[in-house]
Amino acid sequence: MGTQLCGGRAVSAEASKALKAIMGSSRFGTMTEESSVAQAARDVVEAGRYSRQTGGRDDVCRIYTADDTANFALRVTWGLESGSPTKTPASDFTVLKMGEQTLAAANRASVRFGCRSQKFTGSPDANHVAVGVEHWGMPTEPDGDDVKALKNAYATVAHSFALAMAKELGCEKDGGLPARPVLDPA
């Protein structure tokens, strides 16, 4: 079941349905049992002790189909960013009204939020955390209504992981993230 992935509590019931829409399967697995939001949160805090940004993305976990459907893998990542977002997103992204910046495309999404937490030491400023979900190697581009449905599904999964990360980090007001995904364009 999707809600038990990546250490449990990271995938909401809505996100589990979105995973099915993205992956075309209702059976999922992860690469290792150690891959979890709890471990990723510890890694975020550790990275925050030394820098206000990471050089790239680190894995929360990877999710794959666990049945006879096509081989399909999603990578869930985290990163620390410096400051609020300032760049204009690529044209394939839709900007959504969640957190500091939420971007959704037909093969990936990211949710960025500010986190003030006692777990982060040394600065009263918010740490800027980005959680992303991406499909590795999309063979064909979807079209029409499929694009919007996939963008919404990816955004729903990214929101679920971001909210779980914000809760695990102990962010004030859950990092400004809503309890349920907001899929309205900004």
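These numbers were taken from a predicted model, which means no experiment stands behind them. Hydrogens, waters and symmetry mates are skipped; everything else that's a heavy atom, side chains included, is used.
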[Y] backbone acceptor or donor facing [X] side chain under 3.5 Å:
X: Lys119; Y: Glu168; value: yes
X: Thr156; Y: Asn152; value: yes
X: Thr102; Y: Met98; value: yes

(request) Carefully, step by step, assess Asp92 and Lys151 under the rule salt bridge (charged side-chain N to carboxylate O under 4.0 Å, His left out). (result) CA-CA 10 Å; Asp92 62 332; Lys151 285 182 178 188; over 6 Å; no
Inter-residue atom distance [X].[atom1] - [Y].[atom2], 0.5 Å rounding:
X: Ile22; Y: Tyr154; atom1: CD1; atom2: OH; answer: 5.0 Å
X: His128; Y: Glu81; atom1: NE2; atom2: CD; answer: 9.5 Å
X: Lys17; Y: Lys20; atom1: NZ; atom2: NZ; answer: 10.0 Å
X: Leu80; Y: Phe120; atom1: CG; atom2: CZ; answer: 6.0 Å

Evaluate the side-chain proximity of [Y] to [X]: yes if any heavy-atom separation is below 4.5 Å, no if none is.
X: Ser12; Y: His159; result: no
X: Pro181; Y: Glu14; result: yes
X: Leu163; Y: Phe113; result: no
X: Phe161; Y: Val11; result: yes
X: Leu96; Y: Asp184; result: no
X: Leu74; Y: Met23; result: yes

Nearest non-hydrogen partners of [X] and [Y], listed with the distance:
X: Ala109; Y: Ala104; value: CB-CA, 4.0 Å
X: Ala153; Y: Ala21; value: CB-CB, 4.5 Å
X: Leu177; Y: Ala166; value: CD1-CB, 4.3 Å
X: Cys171; Y: Gly175; value: CB-N, 3.6 Å
X: Met165; Y: Val60; value: CE-CG2, 4.2 Å

(request) Could you check Asp174 against Lys167 for side chain to side chain contact (heavy atoms under 4.5 Å, CB included), going step by step and ending with a plain yes or no? (result) CA-CA 6 Å; Asp174 293 334; Lys167 288 180 182 298; 3.0 Å; yes
(message) With side chain to side chain contact (heavy atoms under 4.5 Å, CB included) as the criterion, how do Val129 and Leu169 come out once you've worked through the C-alpha distance, each side chain's angles and the decisive distance to 0.1 Å?
(response) CA-CA 10 Å; Val129 181; Leu169 290 169; 4.2 Å; yes
(message) Looking at Arg112 and Glu100, is any side-chain nitrogen of the basic one under 4.0 Å from a carboxylate oxygen of the acidic one?
(response)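 A salt bridge links Glu100 with Arg112.
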(request) Tell me who clusters with Val95, hydrophobic residues only, linked when side chains sit under 4.5 Å apart either directly or through other members. (result)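 Direct or chained contacts put Val95 with Phe93, Leu103.
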